[in-house]
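Here is how names work: the chains are called A, B, and so on, in the same order as the sequence lines, proteins then strands, and each is numbered from 1. We use all heavy atoms of the structure for the numbers below, so side chains are in, but hydrogens, waters and symmetry mates are not.
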Amino acid sequence: MTSDKKVRVRFAPSPTGPLHMGGVRTALYNYLFAKHHGGDFILRIEDTDRERFVPGAEAYIIESLKWCGIEPNEGLGFGDGPHTPYRQSERKEKGLYRGYAEKLVADGFAYYAFDTREELEEMRKKLEAAKVASASYNSVTRQNMKNSLTLSEDEVKTRLERGDAYVIRIKIPRNEEIRVNDLIRGWVLVNSAQMDDKVLYKSDGMPTYHLANVVDDYNMKITHVIRGEEWLPSAPLHVLLYRYLGWEEAMPQFAHLPLLLRPDGNGKLSKRDGDRLGFPVFPIDWKPEGGEGASGYREAGYFPEAFINMLALLGWHPSGNQEIFTMAELIEQFSLERVSKSGAKFDPEKAKWFNQHYLRHKPAQEILSLWKPELEQKGLSLPDASLLKICGLLTEKASFIGEFTELGSYFFKAPEGYDEGVIKKRWNENAKEFAALILEKYRSAKSFDAATAENLFKESCSEAGIKPGEVMQLFRVVLTGLPGGPALFEVAEILGNDVCVERIELFLSKNA
RNA sequence: GGCCCGUUCGUCUAGGGGUUAGGACGCCUCCCUUUCACGGAGGAAACAGGGGUUCAAUUCCCCUACGGGCUACCA
C-alpha cells in the first residue's frame, strides 16, 4: 500500500480537441480524491502525438477547469510546480524518456524493431488469412520480424549507425499471469500471451503514451492513477513497465472509471457528438480557428456548480440520499469505493433540473449581476430596485438566466399584442366597466404597492359587480399581453401605477 | 473474431441471503394558486434469462444473452 505517502494524482489529457464532459468528470474525481485526502492534484499535458495536436486545445482545457472550479495545485496553466515542465513534448526535449527506453533494451525488457509500415501490414494480413486469433506483434510473431532479437548484433549496430528508422518495443513474456489491482473493480487478471509488444518509443523520437505516462507518474510521485475505463486493457502493460523499470514498489494504485455513454444509443460519449444530440457535451464553447465549433454548458447558461453537481453524481453516489452538493461537500464525502462499475448515460433533463435548483437558491443580487450584461447589450434598463424584484419573480419561472429577458419582456416595454383567447372569453360589458373603474383608481393612487394594487383591483371588481376571478387573467393580459406569469400585483407594483395606467389606456385604445 | 469490464424503474442510482426493493429526474393525479411555475401529498414504473449453492437468492457461484471498452509508431 501507498497509504503512508502523500496522495498525488494527475489529470493528463491530450490536446487533441476540446475536453468533453467525460474528461471533465475524470478531472473532477481526481480533484475530489486529492482534496479529500489532503493531497495534490496535477495537470499534465500528454502531447506526444504530433499528428493529432490541435491548436487551442490546451488553452481550452485550462479554461474549462477554471470555469468548473477544478483547480490543480500544480501543472500547466496553474503555476507549474516542482516537476516542471508539465508538457510531455517539453519533457521529451529535456531527454526525460529516452534513457528509460534504452535502459529497458539494455536490461533485456525491450528491443529495437526496424520493420516498415508495409512489413507490419503484410504480417497482419498473413496472420488474419491464417485465422490467427490476434494478429499482433508478440512473442511468437516477433521471431519473423526485423528486430534486434532476430537480426545479428552487427546488423543492428549498422542499422542504428546508419540512421535507419526504428521503434523500441517492449518484450512481453510469452506466458505469464499479470495481475492488476483496480480500486473500483478488484483484481483483474490477464495472461501476457494476450498482450502484444507495444511500441514504447516511436520512430519520430517521441515516447508513446505508455512509456511517457509511466515515467512521468513515477517521476512526479503519483500515488493513484484515476482514469477512464478505456485504459483498463493497457493497465497490465503499465504494471509490467513499472516492474521492468524497477519501480514496482512505487507503483501507483489504479482506479478505472466507468465510461460516460451516449444518451441516445450505443457507444461511449465522444467529442464528435458535439451538438448533434441537442445538448452540449462540452463544458464551454469550442471555437477552433476555421473548423466547426461546438457549444458548451457555460454558454448554454449553466452554473458551474450545477454542471459539477450533475457530473459528480454520474458514476458516484454518497451513502445517503443527498443530491445537492457544494464542492466542499463533494470533497468531504467522495470516495472511490462508492464509484459505480457500469457506464452511465446522462440525462439532459436532470442537468436542467440541477440548474433550476441552483438558480432558485441564488440571491437576487447575484442573479442580477449575471443578467445585466445581456440587458445592457439589448439596451434595456430599469432601476436596480425594480430589476432586483424582477429577478425574484422570474427566478421561479425559469431554469436559466438566459430565459429572463424574454420571460420578463413586458417589464421593459408595453405589450405589442394581447392573448386572443383570454380577450375573446373575458372582454365583455362587465369587464369594460371594470376597466374604467380600475383605470381611475390607479390614476389617482397616491402610493402604490402590490397590496394597494390588489385592493384597488378588488374594489373595482365589486363596484362593477363581478368576481375577481372573472377579470384577473384579463387584467394580466392588459398589463403584460400574456395569459400567464408571476404574481400579478407584484408585477403591477414593479411597473408602477403610471405605467399600469398607460397600459390600460393603450389596451382600451386598441380594444374599444 | 480475440481479450477485458459490466448488467436494479425510461434515466442516474441506494440496497443486499429473509425488505411493502428506497431516493432523484422525467411522467400522471390531487392540493395550494387568478394563471404558469414553485411548494405539498399521492401514483405508475426495475432486480436480463437459465442453472446451481442454500431452509431461503434480486443479493454468492457458473453458463447464456445483452451492453461497453480495447485490439495503431492515437491517447
Side-chain angles (χ1 to χ4, degrees), chain A residues 12-16 46-52 88 113 115-117 120 124 128 131-137 165-169 180 182 184-185 188-191 193-196 198-210 212-213 227-236 256 258-259 261 263 265-268 310 313-324 338 340-354 356 360 393-399 407 419 422 454 457 467-477 482-489:
Chain A
S14 285
T16 56
E46 309 218 324
D47 57 348
T48 53
D49 185 353
R50 290 156 162 176
E51 307 205 343
R52 292 209 305 153
Q88 286 184 332
D115 316 279
T116 63
R117 291 186 189 260
L120 290 171
R124 284 192 193 103
E128 273 163 31
K131 297 248 186 331
V132 172
S134 60
S136 61
Y137 209 119
Y166 68 92
V167 299
I168 294 175
R169 287 180 182 272
V180 180
D182 184 278
I184 295 169
R185 288 151 218 285
V188 176
L189 309 182
V190 178
N191 191 290
Q194 304 296 336
M195 299 165 66
D196 64 335
K198 279 267 181 289
V199 170
L200 301 178
Y201 217 88
K202 300 188 265 187
S203 59
D204 68 356
M206 279 285 189
T208 58
Y209 167 86
H210 305 292
N213 188 264
R227 77 235 295 191
E229 196 185 352
E230 71 267 28
W231 292 110
L232 190 52
S234 50
H256 291 92
L259 264 15
L261 273 14
N266 350 32
K268 64 172 177 174
M310 181 267 293
L313 257 26
L314 221 48
W316 170 82
H317 200 277
S319 50
N321 275 333
Q322 185 179 348
E323 293 227 73
I324 300 298
R338 297 197 65 85
S340 48
K341 293 182 177 69
S342 49
K345 292 179 187 174
F346 98 107
D347 181 5
E349 285 301 324
K350 187 129 186 186
K352 196 173 158 183
W353 174 79
F354 274 112
Q356 190 181 312
R360 275 191 206 115
L393 293 180
L394 259 26
T395 290
E396 294 197 349
K397 308 284 167 186
S399 295
L407 235 35
D419 185 88
V422 174
E454 184 166 8
F457 168 84
K467 286 185 223 159
E470 289 177 61
V471 284
M472 183 68 92
Q473 201 182 12
L474 174 74
F475 190 44
R476 174 187 294 283
V477 169
L482 304 172
L488 184 54
F489 301 108

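Within 4.0 Å of A:Glu396, counting heavy atoms only, lies at least one base atom of the nucleic acid. Counting non-hydrogen atoms under 4.0 angstrom, A:Arg124 reaches the backbone sugars and phosphates but no base. At a threshold of 4.0 angstrom between heavy atoms, the contacts of A:Val167 include nucleobase atoms, whether or not backbone atoms are also involved. Contact annotation for A:Gly485: base contact, defined as any heavy-atom pair under 4.0 Å involving a base atom. Among the atoms of the strands shown, none is found under 4.0 Å from any heavy atom of A:Gly320.
Residue A:Leu120 comes nearest to A:Arg169 through the heavy atom pair CD2-NH2, 3.8 Å, listed as atom of the first residue, atom of the second, then distance. Here the closest non-hydrogen pair linking A:Ala212 and A:Pro207 is CB-CG, 3.9 Å. Taking all atoms of both residues into account, the shortest heavy-atom contact from A:Leu394 to A:Pro486 is CD1-CG, 4.2 Å. Here the shortest heavy-atom pairing between A:Arg227 and A:Asn213 reads NH2-OD1, 3.7 Å. A:Leu232 and A:His256 get closest at one heavy-atom pair: CD1-ND1, 3.4 Å.
Of the candidates B:rA75, B:rU34, B:rC73, the closest approach to any side-chain atom of A:Arg117 belongs to B:rC73. Between B:rC12, B:rU34, B:rA24, one nucleotide has an atom nearer to the side chain of A:Ala344 than all others, and that is B:rC12. Closest to the side chain of A:Asp347, out of B:rC5, B:rA75, B:rC25, is B:rC25. Listed nucleotides: B:rA14, B:rC73, B:rU34. Nearest to the side chain of A:Arg476: B:rU34. Listed candidates were B:rC70, B:rC74, B:rU35. Nearest to the side chain of A:Gln473 is B:rU35.
Distance, A:Lys345 NZ to B:rU11 P: 6 Å, rounded to whole Å. Between A:Leu393 atom CG and B:rU34 atom P there is a gap of 16 Å when expressed in whole angstrom units. For the pair A:Met310 CE and B:rU13 P, the computed distance is 12 Å after rounding to whole Å. At whole-Å resolution of the value, CH2 in A:Trp231 and C1' in B:rC4 are 15 Å apart. One atom, CD of A:Glu230, and another, C1' of B:rC70, lie 10 Å apart when rounded to the nearest Å. When the P atom of B:rC27 is taken as reference, atom CH2 of A:Trp353 falls 14 Å away, rounded to whole Å. Spacing between atom NE2 of A:His256 and atom C1' of B:rC70 amounts to 11 Å, rounded to whole angstrom units. Rounded to an integer number of Å, the gap from CG of A:Leu314 to P of B:rC25 is 16 Å.
As rounded to the nearest Å, B:rU35 and B:rA14 have P atoms that lie 41 Å from one another. Rounded to the nearest Å, the gap between the P atom of B:rC12 and that of B:rU53 is 35 Å. Comparing the C1' positions of B:rC27 and B:rC62 gives an interatomic distance of 40 Å, to the nearest angstrom. Nucleotides B:rU71 and B:rC28 place their P atoms 45 Å apart, quoted to the nearest Å.
Summarising the geometry, atom CG belonging to A:Leu261 is positioned 9.0 Å from atom OG belonging to A:Ser342; distances are rounded to the nearest 0.5 Å.
At B:rA75, one or more side-chain N or O atoms of A:Lys202 fall inside 4.0 Å of OP1 or OP2 (strictly under the cut-off). OP1 or OP2 of B:rC73 lies within a sub-4.0 Å distance of a side-chain N or O belonging to A:Arg169. OP1 or OP2 of B:rA75 lies within a sub-4.0 Å distance of a side-chain N or O belonging to A:Thr48. Taking only side-chain nitrogens and oxygens, A:Lys131 never comes nearer than 4.0 Å to OP1 or OP2 of B:rG2. Regarding contacts with the backbone of B:rU13, a side-chain N or O of A:Ser340 is found under 4.0 angstrom from either OP1 or OP2.
Scanning atom types as modelled, no donor and acceptor separated by under 3.5 angstrom connect the side chain of A:Arg185 and the base of B:rC5. Below the 3.5 angstrom threshold, one finds no donor paired with an acceptor across the side chain of A:Lys198 and the base of B:rA72.
Ring orientation note: the planes of A:Trp231 and A:His210 are nearly perpendicular, at an angle over 60° on the 30°/60° scale.
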